[in-house]
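So you know, we letter chains A, B, ... as the sequences are listed, proteins then strands, and number each from 1. Both backbone and side-chain heavy atoms feed into the values below; hydrogens, waters and symmetry mates do not. In this text the structure is predicted, and so the values were computed from the model without any measurement.
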Amino acid sequence: MQEFVVSRSTRLSRWAGLVALAVVSCLIAMPWWGTRAEIGTTTSFLGIVAMAQMWNLLAGFGGLVSIGQQAYIGLGSYVAVMVALQGGLSIYLSLPLAGIVSAGAAWAISFLLFRLRGAYFAIGAWVVAELLRIVFANTASLGGGSGVSITSALTGIGRWQREAYALWIAIALGVGAVGLVYALLRSANGLAFGAVRDSEAAAESLGVSARRVKLTLYLIASAGCGMVGALMAISNLRVAPDSAFSVDWTAIMFFAVVIGGIGTIEGPILGAIVYLVLRQSLAQYGGWYLIVLGVSAVIVMRKAPRGLWGVLADRFDLRLFPIDHRVRPRERS
Amino acid sequence: MIASSAILTVEGVSKRYGSLQVTDNLSFAIDEGEAVGIIGPNGAGKTTLFNLIGGGVRPGTGRIVFRGQDITALAPPDRCRLGIGRSYQIPHPFTKMTVYENVLVGATFGAKLAAKEAERVSLDVVERTGLMGKVNLKSAALTLLDRKRLELARALATRPRLLLLDEIAGGLTEREVRALIDTINAVRAEGVAIIWIEHLMHALLAVVDRIIAINFGAMIADGRPAEVMADPRVRQIYMGVGAA
Ligand SMILES: Nc1ncnc2c1ncn2[C@@H]1O[C@H](COP(=O)(O)OP(=O)(O)OP(=O)(O)O)[C@@H](O)[C@H]1O
Ligand SMILES: [Mg+2]
């Protein structure tokens with residue numbers, strides 16, 4: 001009988017790894033060569049990449065199309081505020097804390113939310129985010145409805161350093177999110193995620209607990225969004241309930257994932273770039289950019305359901321983050 | 001009544017959908033290593049019985065015992081890990097995953113094998129079910145027949161003690177049916193108990209040594225194949241639907 005072996009990576013992926021390394025190195029050095037505006041844009045780009053990756057896990061693998069992930073952006077932002085106003089502690093400590101608090105909250109909320117399916121789940125998640133917004137808007141010690149500034153917590157730190165730190169945190173989150181998703185998808189977890197995505201009934205019959213997979217994805221995605229929320233607070237220096245818990249966050253995640261290509265790692269990165277380019281170039285037209293975003297998302301969903309990355313990957317046979325297994329005959333030596 | 005050699009015992013199990021009695025007070029036991037065929041007309045409740053044993057559907061009344069353990073309240077993944085593997089009559093492939101990855105899911109989570117061993121078992125199962133030529137294809141690209149092979153392959157990869165096969169021979173050529181019979185008999189030779197729902201009688205008879213006939217969810221015959229096929233009620237049903 002012929003022997004077979006299973007292999008995973010492709011040559012392109014190693015090459016892409018080197019390019020990615022070079023790009024990340026340039027980004028880390030950005031405070032020394034970039035303008036303030038460039039640093040700011042890069043920071044928000046990486047934040048969007050991180051949250052889009054999280055929403056991609058949730059919707060692209062768990063089938064959990066939530067429109068309430070802003071709950072954790074807001075929660076993470078307020079964790080940063082509380083750490084900052086407590087004094088004593090460095091505000092940078094709020095990042096891991098925001099992740100832990102968000103995962104804990106997500107775990108508690110899951111008991112309620114996971115009773116709902118499909119559209120009810122989506123709306124339920126949004127209702128939870130609204131409730132959180134109302135709670136924080138009515139907490140006077142956190143600035144109430146008009147929000148609170150955290151500049152006082154950063155008085156000892158110069159502007160250049162502050163912006164450099166925010167950028168480096170964003171790099172850690174953006175690259176970390178991509179790396180985490182890649183590692184998860186290549187591990188045995190990735191098999192379970194893909195199985196639940198494609199057929200819950202079959203996955204369950206083959207020993208995969210769909211409920212556990214979904215809960216895992218929800219906790220990871222919520223922790224990730226919580227940390228992005230803390231980043232947003234650290235980089236904007238103020239937090240207000242209406243913007244921290246705004247459904248716009250989820251709209252951005254949705255847009256980046258759908259335009260870029262749901263269920264892929266490359267897609268949300270591409271989608272985040274497209275989002276920022278559209279936002280910058282349409283900035284002067286005010287609210288119109290939302291309409292353009294919405295229309296382009298609908299067009300992509302209709303014409304290219306696998307997103308822009310799907311189109312590119314098919315045309316040029318690209319696989320930057322190979323997660324599939326290739327079986328080939330063992331070469332005789 | 002429950003022999004200690006029974007791998008599966010179904011005790012007074014009933015299930016209804018609204019006013020439709022789909023499973024009607026079924027009781028039977030399957031021995032370790034036994035191969036049993038299930039026959040009955042369309043809509044008799046055969047697939048529902050598999051859903052009840054596999055855990056996708058909970059019975060209204062009754063109890064299901066697997067290897068001495070009451071599994072009535074267990075979820076499907078737990079039942080799979082205990083050793084119940086099933087194929088679906090309407091295939092549910094993981095369409096965005098390759099054939100190999102589909103099978104690997106069963107070996108990794110159903111059989112709980114470590115990476116290297118899961119790889120070995122998956123390759124072996126792919127080979128045995130005749131899918132090696134398509135091992136790297138996304139399963140979305142498979143024909144219906146190959147999807148049925150994949151159902152069998154994934155179920156085998158979970159290393160079941162009891163294998164539930166739901167109409168996997170329909171549509172195969174005579175040569176393919178013979179290959180399938182050989183595969184199933186080889187699985188059986190390893191001591192795996194098999195329950196096979198099949199309309200293709202000659203394929204069934206080449207494997208099983210006992211047949212259960214059901215109609216309107218109730219058992220109408222249970223015994224050696226020749227006895228069951230000679231049963232007047234079974235003959236009436238089969239003549240009635242024009243099959244032989
Ligand atoms: N989820 C459900 N809800 C309502 N009715 C159902 C459901 N599942 C099955 N039924 C009905 O139960 C009856 C038995 O279905 P089942 O699929 O078990 O039959 P079967 O014996 O496998 O038939 P076939 O030979 O066509 O595969 C059918 O009348 C079917 O319509
Ligand atoms: Mg059926």
Side-chain angles (χ1 to χ4, degrees), chain A residues 1-8 10 56 60-61 63 114 185-216 261-265 267 305-307 309-310 313-314 317 319 322-330, chain B residues 50-51 54-56 75-88 90-116 118-120 122-124 126-127 131-132 134-136 138-140 150-151 154-155 157-159 164:
Chain A
M1 190 180 113
Q2 187 160 26
E3 283 203 56
F4 292 89
V5 286
V6 181
S7 65
R8 306 205 64 176
T10 65
N56 185 34
F61 290 90
F114 277 36
L185 293 187
R186 275 182 72 101
S187 71
N189 293 297
L191 280 177
F193 297 172
V196 169
R197 171 199 61 204
D198 289 351
S199 167
E200 263 183 57
E204 292 242 305
S205 295
L206 294 171
V208 177
S209 164
R211 194 193 151 81
R212 190 170 312 156
V213 163
K214 290 179 177 202
L215 183 62
T216 306
I262 193 162
T264 67
I265 298 177
R306 293 176 53 230
W309 181 257
D314 284 350
D317 194 24
R319 283 185 303 147
I323 51 176
D324 49 351
H325 301 70
R326 295 275 131 196
V327 178
R328 55 187 168 75
R330 189 189 295 282
Chain B
F50 273 12
N51 290 338
D78 298 322
R79 297 190 194 198
C80 172
R81 282 182 230 122
L82 284 178
I84 300 179
R86 77 167 290 185
S87 76
Y88 283 92
I90 299 165
H92 290 289
F94 304 131
T95 50
K96 291 178 184 153
M97 296 161 73
T98 67
V99 165
Y100 173 76
E101 288 160 349
N102 268 265
V103 176
L104 191 59
V105 171
T108 305
F109 297 97
K112 293 178 291 184
L113 298 175
K116 261 289 161 239
E119 179 181 314
R120 194 188 63 72
S122 300
L123 288 174
D124 179 53
V126 168
E127 180 88 58
L131 284 167
M132 195 50 98
K134 294 164 181 159
V135 66
N136 289 324
K138 292 262 193 284
S139 66
L150 183 59
E151 284 290 330
R154 292 194 307 198
T158 68
R159 289 206 155 162
L164 310 176

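- Atom OG1 of B/Thr98 is separated from atom CZ of A/Arg326 by 7.0 Å, given to the nearest 0.5 angstrom.
- Looking at B/Ala155, only its backbone comes within 4.5 Å of chain A, counting heavy atoms on both sides.
- Per-residue counts of heavy-atom pairs under 4.5 Å with chain A were compared for B/Asp78, B/Asn136, B/Ile84, B/Val126; the largest is that of B/Asn136.
- Across B/Asn102, B/Leu104, B/Thr108, the residue that shares the most heavy-atom pairs under 4.5 angstrom with chain A is B/Leu104.
- If you measure heavy-atom distances from A/Ala192 to chain B, the contacts under 4.5 Å come from both the backbone and the side chain.
- Looking at every heavy atom in both residues, A/Ala195 comes nearest to B/Met97 through N-SD, 3.7 Å.
- For B/Lys134, the NZ atom sits in a loose shell: 12 or fewer heavy atoms of surrounding residues, nucleotides or ligands are nearer than 6.0 Å.
- For chain A, the nearby part of B/Leu123 is the side chain; its heavy atoms alone come within less than 4.5 Å.
- Contacts between B/Val105 and chain A at a heavy-atom distance below 4.5 Å involve backbone atoms as well as side-chain atoms.
- No part of A/Arg211 comes within reach of chain B, as not one of its non-hydrogen atoms sits under 4.5 angstrom from that chain.
- At least one side-chain heavy atom of A/Ser209 sits less than 4.5 Å from a side-chain heavy atom of B/Arg81.
- Checking side-chain atoms of A/Asp198 against main-chain N and O of B/Thr95 turns up a donor-acceptor pair under 3.5 Å.
- Both the backbone and the side chain of B/Glu101 come within less than 4.5 Å of a heavy atom of chain A.
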Going through the distances and angles, do B/Phe94 and A/Leu191 end up as a side-chain contact (heavy atoms from CB on, under 4.5 Å)?
-> CA-CA 10 Å; B/Phe94 304 131; A/Leu191 280 177; over 6 Å; no
Could you walk me through whether A/Ser205 and B/Tyr88 pass side-chain contact (heavy atoms from CB on, under 4.5 Å), step by step?
-> CA-CA 9 Å; A/Ser205 295; B/Tyr88 283 92; 2.7 Å; yes
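- With values rounded to the nearest 0.5 angstrom, A/Glu3 atom CD is found 11.0 Å from B/Glu127 atom CD.
- Annotation for A/Val327 and B/Met132: closest pair CG1-SD, 4.5 Å, computed over non-hydrogen atoms.
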